[in-house]
Amino acid sequence: MAQTTMPPAEVDGREPPTELFRHLRSTPAGLRSREAARRLTVYGPNELARRRGRRWPRQLLAQFTQPLAVLLMIAAGLAWAGHAPALAVAVVAVIVLNAAFAFVQERQAERAVEALAAYLPDSARVMRDGVLIEAPARDLVPGDVMQVDEGDRICADARLVDGSVAIDLSALNGESVPAVRTADAELAPGPLLEARELIFSGTSCTAGQARAVVTHTGMRTEIGRIAALSQRGKVEPSPLERQVRRATWIIAAVAVLAGAAFLPIGVLAGLGWAAAITFAIGLIVANVPEGLLPTITLALAGGVRELARSGAVVKRLSAVETLGSTTVICTDKTGTLTENRMRVTRVWVAGEDRDAAGAAADRPGRELVRAAALCTTAHLAGDGTPGDTGDPTELALLRLAADAGVPVHAADRDAARTALYAFDPRTKRMSIAAGGHLFSKGAPESVVPLCATILGGTRADVAAAVDRYAAQGLRVLAIARRSSVPAGGRETAEAQLTLLGLVAMADPPRAAVPAAVAAAHRAGITVHVITGDYGPTAAQIAAQVGIGAANRRVITGAELEHMGDADLDRLLGDHQEVVFARSSPEGKLRVCEALRAEGHIVAMTGDGVNDAPALRRADIGVAMGRTGTDVACEAATMVLTDDNFATIVRAVEAGRRVYDNVRKFVLYIFAHAVPEVVPFLIFAISGGAVPLPLTVLQILAIDLGTETLPALALGRERAEPGLMDRPPRSPRSGVIDRRLLVRAWGLLGVTSALLVTAGFFWVLWRAGWHPGAVLPAEVEAKAATMTFAGIVACQIGTAMASRTDYAALRTIGVFSNRLLLGGIAFEIVFAAALIYVPAFQPVFGTAALGAAELAFLAPFPVLVWGVDEIYRARLRGRRPGPKGPNGSARGGARGVE
């Protein structure tokens with residue numbers, strides 16, 4: 001009769017082994033092969049399931065129905081109808097390229113799950129039919145009994161039934177120190193990852209040996225739950241993508257309404273229907289900024305290249321701008337704020353507290369340092385191994401000895417060793433015998449009671465030192481020695497010890513982090529710490545790097561779990577920086593979603609498997625490329641190749657600059673709509689009494705010829721002074737807002753239109769024109785050319801004015817943007833060719849201008865730029881200054897634009 005088993009989701013791994021075996025219908029001798037095969041059919045293979053394949057044709061088609069793509073298709077059709085096939089082909093190429101970029105981005109979640117699968121080993125040692133065998137990891141099932149040894153990667157969630165091990169849980173909880181897990185641990189309530197009797201898939205064993213009964217496999221494990229969270233939801237559009245989409249509808253509406261309005265006006269003005277239709281099409285094409293998308297793409301691509309040179313690889317172009325919108329950074333601690341490398345910082349020796357640099361200042365100090373380094377099995381890079389290998393704590397002791405001038409070489413240490421008592425997670429100590437001496441190291445509560453003598457102090461002194469170091473968030477080891485190695489076992493040897501001193505170590509902050517945090521504060525960005533580490537340790541690191549005020553809040557995972565949404569919103573709404581300790585993946589997601597619900601743009605940093613869901617959900621997921629897991633790198637939007645927190649601040653600055661530059665060339669493009677439309681209004685309102693001031697081909701020559709290169713050059717403009725001293729802009733503010741339109745249409749546009757119209761009528765006046773008069777064709781051509789040349793001249797002034805949003809032009813340098821100077825030179829040469837080359841004159845309806853006309857045009861650029869310079873000077877007088885690190889205007893919807 002077949003055995004029945006409970007569904008693995010209902011198994012409580014914290015049950016005593018006897019009860020657990022009964023529920024799983026298993027025994028300490030494991031399962032029979034036939035039963036294991038049956039359970040494999042019921043529960044499925046022990047592997048991470050991928051989301052079902054998406055229907056890529058529909059995905060790809062969706063990229064061609066976006067508003068900007070639709071608008072560009074209309075522009076391509078109109079360009080083809082307007083006898084500009086080259087333009088039509090170029091616009092279609094832009095549509096296809098943009099769709100390809102977006103399509104590739106959609107596969108990020110699937111790649112994240114593929115990377116998660118790499119954390120599962122290929123095989124495991126399990127008991128089958130009472131014999132320990134090597135079985136494929138994918139064949140493990142609930143009820144299997146597996147053996148775990150030092151160096152093994154664990155492939156299923158399980159409950160220890162015999163032995164003790166030290167487990168590296170950093171991929172799941174972010175802690176840099178291995179956690180002790182033992183079969184006979186006392187049951188205690190708390191988070192699952194803190195259960196002292198459980199081990200988890202995707203982690204690794206750093207010391208010890210044990211046997212465990214498998215409780216969960218595949219997607220039911222903790223790492224499987226993280227994989228499911230990583231696949232949840234979809235990538236949302238960035239602020240720039242949302243704003244461009246909204247802007248394109250505005251542009252489309254303006255262009256179509258203008259064309260539709262001028263069609264009957266053209267007919268009423270005496271134009272035939274064919275001419276009126278051509279006239280309307282030309283006006284629509286003139287108002288559609290065909291270069292908007294490629295200019296935005298090139299501006300973002302420039303930001304991507306700049307960040308790559310600075311150590312940040314951005315996987316989505318729009319992510320550059322999103323970084324510039326960031327109002328909150330949620331950062332992990334281990335490997336992000338810290339070096340993810342234990343380092344000795346203090347020692348207690350001969351009754352005194354010393355800095356690590358002075359640890360070996362005398363003989364007692366040298367003995368302490370040497371004894372600590374001898375009692376290790378790790379290897380430093382270059383000491384017989386290509387890289388650092390071994391426990392992080394032991395590596396820190398070896399580095400201390402090397403820095404103190406008493407290095408212990410691995411080969412000599414191992415050759416001199418006569419006995420090794422490996423680290424026992426239960427007793428929390430390790431001992432070795434060498435040169436007739438016994439050296440021990442371990443937790444003070446384990447080593448000090450075995451000591452008969454304490455050099456340079458009393459037990460009270462030792463206890464005070466331990467408490468002092470622990471309050472500073474340091475990990476403390478006691479180092480002891482025995483002058484002889486008695487016969488007998490470990491218990492006999494580890495007695496009557498002499499305490500040489502204490503060694504305190506920490507995972508120190510990265511050197512560049514405090515300055516980076518200060519720069520983020522100046523930029524009005526709030527920084528929260530979300531870590532799986534202990535609260536006091538995380539709070540101490542936060543204090544060292546400048547995160548949070550003196551009364552910083554520390555919220556544990558259990559407190560967060562019991563905190564209601566309203567309480568969490570109030571906590572995050574106070575604009576105080578918080579340390580979230582012992583956080584679970586769900587907790588990180590909850591904080592991220594609460595911040596986003598408040599209108600914040602959230603950048604989430606991380607490097608572990610446990611960070612993947614939050615990296616995926618955040619507006620910007622930032623992974624550490626050196627120490628980060630493949631899972632985190634695949635789930636993130638940006639990967640820091642140098643693992644430097646300061647790179648995030650540089651990325652924020654680059655994002656702000658890119659966003660400002662997008663606004664600059666949008667301003668530049670929009671400003672020319674007014675001087676292009678006003679001549680047609682004059683022509684239509686006069687009923688044809690005023691000659692047509694501008695031809696359709698001249699409009700196309702402006703928008704597709706003289707305008708393009710300066711617009712592209714503005715996308716590479718350098719940052720304005722004070723860019724990182726202003727609060728983040730509101731996420732609700734768009735690329736095209738009221739202030740930009742007022743400046744483009746009401747200031748630069750109207751100024752240009754007045755100058756252009758003045759030049760047009762000045763030419764007519766010199767020729768003796770009055771309303772209704774019939775002038776020679778060459779006079780009308782010269783007047784129209786004056787309008788065309790006037791718009792080009794005003795473009796030069798607009799380009800220089802658009803280079804800054806607030807600052808005076810002199811602060812960034814009049815000649816600092818060489819690309820723009822080249823673009824201006826090109827538009828002058830291009831316009832001159834249309835005006836003076838005889839072959840182009842009949843095509844574009846132009847005529848050569850004389851010295852008087854050129855002299856009249858010469859002040860146009862300076863006048864346009866000068867009017868805008870006065871406007872910006874008034875803005876600078878009213879603009880608010882930067883806020884402090886905990887100011888009320890720091891984040892989210894409270895930002896200023």
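Because only heavy atoms are used, hydrogens play no part in the values below, and waters and symmetry mates are left out as well, while side chains stay in.
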Of all the heavy-atom pairs spanning [X] and [Y], show the shortest one and how long it is.
X      : Y      : result
Gly546 : Glu577 : O-OE1, 4.3 Å
Ala538 : Thr531 : CB-CG2, 3.6 Å
Phe200 : Leu198 : CZ-CB, 3.9 Å
Ala618 : Met604 : CB-CB, 3.6 Å
Asp168 : Thr203 : O-CB, 3.4 Å
Ser583 : Lys588 : CB-CG, 4.3 Å

Worksheet entry | salt bridge (charged side-chain N to carboxylate O under 4.0 Å, His left out) against Arg803, all qualifying residues, sequence neighbours excluded | Glu717
Worksheet item: Listed by chain and number, what are the side-chain hydrogen bond (donor to acceptor under 3.5 Å, both in side chains) partners of Asp157, not counting sequence neighbours?
Response: none
Fill in: side-chain hydrogen bond (donor to acceptor under 3.5 Å, both in side chains) partners of Thr221, counting only residues at least two apart
none
I'd like to know if the side chain of [X] reaches the main chain of [Y], judged simply by a donor and an acceptor atom lying under 3.5 Å from each other, with no hydrogens or angles considered.
X      : Y      : answer
Thr326 : Ile601 : no
Arg716 : Leu819 : no
Arg475 : Met342 : no
Arg590 : Leu560 : yes

Roughly how far, to the nearest 0.5 Å, is [atom2] of [Y] from [atom1] of [X]?
X      : Y      : atom1 : atom2 : result
Ile555 : Leu568 : CD1   : CG    : 9.0 Å
Leu723 : Arg657 : CG    : CZ    : 9.0 Å
Arg617 : Arg596 : CZ    : CZ    : 4.5 Å
Asp567 : Leu571 : CG    : CG    : 9.0 Å
Lys664 : Glu720 : NZ    : CD    : 4.5 Å
Asp805 : Leu667 : CG    : CG    : 8.0 Å

Below 4.5 Å, heavy atoms only, C-beta onward: do [X] and [Y] meet side chain to side chain?
X      : Y      : answer
Thr327 : Thr526 : no
Arg718 : Asn817 : no
Leu395 : Arg399 : yes
Arg656 : Met724 : yes

Matching residue for [X] among [options] - test: side chain to side chain contact (heavy atoms under 4.5 Å, CB included):
X      : options                        : value
His528 : Val591, Leu572, Ile329, Val602 : Leu572
Val545 : Val513, Thr338, Val529, Thr331 : Val513
Pro509 : Lys333, Gln540, Gln544         : Gln544

